[in-house]
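Reading through the structure tokens given below for one structure.
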Amino acid sequence: QVQLVESGGGLVQAGGSLRLSCAASGSTFSTFSMFRIGWYRQAPGKQREFIAAIGSASNTNYADSVKGRFTISRDNAKRTVYLQMNSLKPEDTAVYYCNVLPVVAKTSWGQGTQVTVSS
């Protein structure tokens with residue numbers, strides 16, 4: 001029911017930073033605040049990979065590959081979830097997606113936002 005749109009990707013050199021946004025539509029402030037939101041990424045030729053999630057109480061968890069470098073946060077008033085990415089590495093290059101959790105086989109995915117990290 002909620003629709004999420006990713007933005008903020010771009011081209012950055014290794015060691016740089018980007019902030020991704022996941023903006024929701026079709027939900028109210030109160031309903032959005034109840035959603036657990038996750039960020040995933042998919043590099044060419046690879047499977048989609050979980051990277052971070054944030055719960056209704058702003059509890060967070062991260063994949064080991066990004067822990068300490070990425071920070072997920074949310075602003076329920078703006079109905080937006082953010083992914084602050086610091087110390088970016090070339091291996092972070094991927095299309096980044098957000099979605100309501102849990103994801104299942106039939107979960108629909110949006111267009112994502114491209115992050116390219118050059119060395």
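Along the sequence shown, residues carry numbers from 1. Values reported hereafter were calculated over all heavy atoms of this structure, with side chains retained and with hydrogens, waters and symmetry mates removed.
No donor-acceptor pair closer than 3.5 Å links the side chain of Arg74 to the backbone N or O of Arg36. Here the side chain of Asn76 pairs no donor or acceptor atom with the backbone of Phe32 at under 3.5 angstrom.
Between the OG atom in Ser17 and the CZ atom in Arg69 there is a gap of 10.0 Å [rounded to 0.5 Å].
In terms of heavy atoms, Ile37 sits closest to Cys22 at CG2-SG, 4.3 Å. Of all non-hydrogen atoms in Ser87 and Asp92, the two that sit nearest each other are O-OD2, 4.4 Å. Considering every non-hydrogen atom in both Gln114 and Thr116, the closest pair reads NE2-OG1, 3.3 Å. For the pair Ser119 and Ala14, the tightest heavy-atom approach, listed with the atom from each and the gap, is CA-CB, 4.4 Å. Of all heavy-atom pairs between Thr113 and Leu20, the closest is CG2-CD2, 4.0 Å. Contact between Tyr62 and Ala52 at its shortest, heavy atoms only, is CD2-CB, 3.7 Å.
Residue-environment remark: CD (Gln3) stays at or below the threshold of 12 foreign heavy atoms within 6.0 Å. Shown here is Gln13, whose CD atom has no more than 12 heavy atoms of other residues, nucleotides or ligands within 6.0 Å.
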Report task. Any chance you could lay out the side chain to side chain contact (heavy atoms under 4.5 Å, CB included) test for Tyr82 and Thr80, step after step, and finish with the verdict? Result -> CA-CA 7 Å; Tyr82 303 98; Thr80 302; 3.5 Å; yes

**Report entry** Residue pair Ser21, Lys78: steps toward the side chain to side chain contact (heavy atoms under 4.5 Å, CB included) verdict
**Finding:** CA-CA 11 Å; Ser21 296; Lys78 296 182 178 180; over 6 Å; no

Report task. Walk me through it: do Glu49 and Ser65 pass the test side chain to side chain contact (heavy atoms under 4.5 Å, CB included)? Result -> CA-CA 10 Å; Glu49 172 192 17; Ser65 60; 3.4 Å; yes

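Both Val12 and Met85 sit in one connected hydrophobic cluster of ILVMFWY residues. Membership requires side-chain heavy atoms under 4.5 Å apart, directly or through other members. Val100 and Tyr96 end up in the same hydrophobic cluster when Ile, Leu, Val, Met, Phe, Trp and Tyr side chains are linked at under 4.5 Å. No chain of hydrophobic side-chain contacts below 4.5 Å, direct or via other Ile, Leu, Val, Met, Phe, Trp or Tyr residues, connects Leu88 to Tyr97. With hydrophobic clusters built from ILVMFWY side chains whose heavy atoms lie under 4.5 angstrom apart, Phe50 does not share a cluster with Ile54. Transitive grouping of hydrophobic side chains (ILVMFWY, heavy atoms separated by less than 4.5 Å) brings Val95 and Tyr40 into a common cluster.
Taking 4.5 Å as the limit, every side-chain heavy atom of Val81 sits out of range of all side-chain heavy atoms of Leu4.
Of the candidates Arg48, Gln42, Glu6, Trp109 forms a side-chain contact (heavy atoms from CB on, under 4.5 Å) with just one, namely Arg48.
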